[in-house]
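Note sheet for the following structure.
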Amino acid sequence: MQYLDEYRDAKIARALAAEIARRTTQPWVLMEICGGQTHTLVRYGIDELLPAGVEMVHGPGCPVCVTPLETVDKAIAIAARPEVTLLSYGDMLRVPGSRGDLFQVKAAGGDVRIVYAPTEALKFARAHPERQVVFFAVGFETTAPANAMAVWQAKREGLRNFSMLASHVLVPPATRALLASPRTRVQGFIGPGHVCTVMGTREYEALAREFRVPIVVGGFEPLDLLEAILMLVTQLEQGRAEVENQYVRSVSQVGNPQAQRALAEVFAVCDQKWRGIGGIAQSGLALRPEYAAFDADRLYGTAGFSASEPAECMSAAVLQGLRKPADCPAFATRCTPDTPLGAPMVSSEGACAAYYLYRRHTAGAGRA
Amino acid sequence: MGAGAGFEALSCPTPAPAGDAILLGHGSGGKMSAELLQRLLLPALCNPVLDRLEDQAMVEAGGARLAFTTDSFVVKPLFFPGGDIGTLAVNGTVNDLAMGGAKPLFLSLALILEEGLPLEPLRRVMASVRAAADAAGVSVVTGDTKVVERGSGDGIFVNTSGIGLAAEGVELSAAYARPGDRVLLSGTIGDHGIAILSQREGLEFGGAMASDTAALYPLVEAMLRTRAAIRCLRDPTRGGVASSLNEIAARSGVGIELDESAIPVHDAVRGACEMLGLDPLYVANEGKLLAIVGREDAAALLAAMRAQRLGLEARMIGTVTGAHPGMVTMRTALGTSRIVDMLAGDQLPRIC
């Protein structure tokens with residue numbers, strides 16, 4: 001199939017892996033930031049193709065996983081209101097809050113629906129003026145522009161029954177937090193291709209300079225990842241620490257200015273909590289005061305919600321690359337996608353869930 | 001909030017225990033369905049016929065060996081490219097009989113109608129039931145109609161039960177797979193699920209996919225005529241090929257290893273799945289079957305399948321192995337190996 005098969009060619013994959021092995025003279029620890037990249041890596045077993053010296057660790061870039069517990073609690077509380085129809089992306093519905101998930105709200109009579117884009121939520125609001133329509137918007141810089149446009153459009157149309165419970169996170173501040181941690185083992189990053197499609201690569205140039213770390217912005221297909229790894233290993237072996245772009249068919253240095261304008265119009269950068277990680281300054285996006293009428297958090301009085309996340313799992317170590325998911329004693333026993341103990345087991349883009357889904361027979365075999 | 005502080009103090013939430021109410025996932029054909037069956041439904045009813053847990057019960061009556069099965073249909077939308085709830089209600093039940101190697105003969109048809117339903121769609125559904133029954137060579141010989149208040153149903157719910165005549169000397173079971181056996185698949189996967197999804201969500205993908213709904217007995221009959229050592233037949237409906245094979249692996253205590261590049265998927269289905277973050281292995285089919293067959297007979301059986309209209313695109317997609325019992329794995333196009341797990345509930349579209 002065009003645009004897919006050429007990025008999954010087994011012969012080219014093996015050639016790239018051989019070239020990586022040829023250039024590797026010492027051990028390197030690399031991190032792919034995006035959950036989508038983790039998914040591809042584990043699903044296609046890319047890391048099995050790599051030489052023993054090149055170790056992949058899996059970053060915090062799964063938007064579903066890092067949505068704070070209290071935000072899920074807010075969505076659950078709002079969805080339980082009889083006048084509300086709450087719409088969100090499919091995998092948000094299964095994310096456990098402090099008590100239960102959105103599927104359970106639905107079973108108890110709440111009106112909870114899956115949509116594929118925020119514009120569908122807008123359409124629903126127009127068609128059902130008698131319902132209060134709340135879109136539960138999560139995601140990185142990739143999904144945020146479409147969410148911004150939905151709010152912008154709602155304001156322009158004067159829609160009075162549409163609002164948004166927003167929980168957006170930004171990649172560069174999280175990458176900075178990770179690099180600033182003294183225990184971090186990561187020596188090179190595969191940058192988030194779709195985030196950079198929107199935002200461009202300039203924010204990453206500052207990170208590469210400041211921390212002397214190479215960053216190769218990469219795509220999401222198997223050959224994208226292998227090529228990005230090859231570029232990273234080449235930089236590391238040559239002692240370079242630059243931002244390079246593997247995903248040239250999508251990413252430019254300046255990104256998508258229209259999408260950035262939409263973001264800036266509707267959202268302002270704010271402090272943000274990450275599930276399984278904690279607070280990171282200036283790492284989120286909140287609705288600007290001009291759009292307060294569309295802020296579900298304000299409209300439904302959930303702003304004061306807080307939930308403590310008991311320290312149960314070792315996702316801290318996993319996200320820093322100190323441990324692999326299968327090193328955890330709870331992996332595939334007490335902690336499964338049905339009963340996640342921690343954020344990375346929640347969505348299939350989380351590192352632990354990806355290992356559970358695709359790798360149980362080799363990683364942590366016997367415990368499964 | 002201080003920058004950089006976060007990663008030093010990571011913590012994780014403890015999830016809520018599973019609820020004590022029915023969720024949609026309990027009807028998905030995945031782990032949640034299996035748990036409900038094992039924990040609540042089977043203990044109430046257990047008997048030797050039921051406990052075989054095949055798609056159909058095999059019973060003896062008056063010297064004849066009969067296959068008996070029932071299925072309910074709650075599909076939304078009622079009408080979709082390639083069929084409607086009436087077509088499904090006939091084909092779904094006759095296929096469950098056929099998977100036992102039985103020739104479908106008689107059906108019952110029970111309708112649960114919602115107050116306010118216009119007569120026109122009901123007329124169309126009944127015409128489809130008739131046409132599908134005629135095509136499958138079965139008669140609807142008994143029925144029932146109930147009406148529920150508006151809001152208590154969703155237009156039309158249909159239940160059909162079916163009786164078929166078991167083929168002599170044929171005994172098939174998900175528990176009969178053995179290491180060395182081959183896995184055959186009768187054609188492309190995911191057509192039905194994607195047709196329904198694109199209709200339901202108003203998604204438009206390049207070529208409109210039509211459901212593959214079809215009565216499979218003619219294919220099964222041709223397969224049985226070969227006298228091949230068929231261990232098991234399954235129509236991979238909800239939960240898709242992955243769920244059916246996981247069930248076989250678990251019941252037989254064997255592993256199954258699939259070859260990704262051998263599994264036929266229409267481009268339109270593949271494209272839709274890529275866009276939505278779905279895996280076609282878990283998407284429903286309504287006119288395909290999986291066969292587990294002894295290695296020595298695999299080639300002949302495959303040839304016989306390919307000679308049939310319903311098996312033109314049949315492929316050998318995998319091997320039964322003694323390694324990793326209860327688990328289905330897949331050799332990926334890149335030559336690496338991964339698990340094909342049983343899903344907990346419904347497959348959900350990923351956010352990105």
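To find a chain, count down the sequence lines: A is the first, B the second, and so on, and within it residues start at 1.
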Seminar exercise, completed: One should read off an interatomic distance between T332(B) OG1 and L49(A) CG, to the nearest 0.5 angstrom, of 7.5 Å
Problem set entry | Taking every non-hydrogen atom, the tightest pair across A10(A) and A333(B) | CB-O, 3.2 Å
Exercise. What is the distance from atom CD of E48(A) to atom CZ of R338(B), rounded to the nearest 0.5 Å?
Worked result: 12.0 Å
Exercise. Which atom pair, heavy atoms only, marks the closest approach of I22(B) to A107(A)?
Worked result: O-CB, 3.4 Å
Exercise. What part of R14(A) gets closer than 4.5 Å to chain B, counting heavy atoms only: side chain, backbone, both or neither?
Worked result: side chain
Exercise. Nearest 0.5 Å, what's the CG-CG distance between L4(A) and D267(B)?
Worked result: 8.5 Å
Seminar exercise, completed: Cut-off 4.5 Å, heavy atoms of chain B, and the answer for Y356(A) is both
Problem set entry | S261(B) portion near chain A, given a 4.5 angstrom heavy-atom threshold | neither
Exercise. Can a salt bridge be assigned to the pair E274(B) and R8(A) using a cut-off of 4.0 Å between side-chain N and carboxylate O?
Worked result: yes
Exercise. Who passes side chain to side chain contact (heavy atoms under 4.5 Å, CB included) against T237(B), sequence neighbours left out?
Worked result: D235(B), E286(B)
Exercise. Rounded to the nearest 0.5 Å, how far apart are CG of L334(B) and CG of L223(A)?
Worked result: 7.0 Å
Exercise. Checking side-chain contact (heavy atoms from CB on, under 4.5 Å) for the pair L23(B)/Q104(A): CA distance, chi angles, key distance, verdict?
Worked result: CA-CA 7 Å; L23(B) 304 180; Q104(A) 286 164 329; 3.8 Å; yes
Exercise. Where on K11(A) is there a heavy atom nearer than 4.5 Å to chain B: the side chain, the backbone, both, or neither?
Worked result: neither
For this session: Measure from the side-chain N and O atoms of T336(B) to the backbone N and O of Y44(A), and report whether any donor-acceptor pair falls under 3.5 Å.
Result: yes
Exercise. Quick one: CZ on F103(A) to CG on L24(B), what's the gap to the nearest 0.5 Å?
Worked result: 7.0 Å
Exercise. Should we say atom CZ of R251(B) is surrounded by more than 12 heavy atoms from elsewhere, each under 6.0 Å from it?
Worked result: yes
Exercise. Can you tell me if CZ on R323(A) sees more than 12 non-hydrogen neighbours from other groups inside 6.0 Å?
Worked result: no
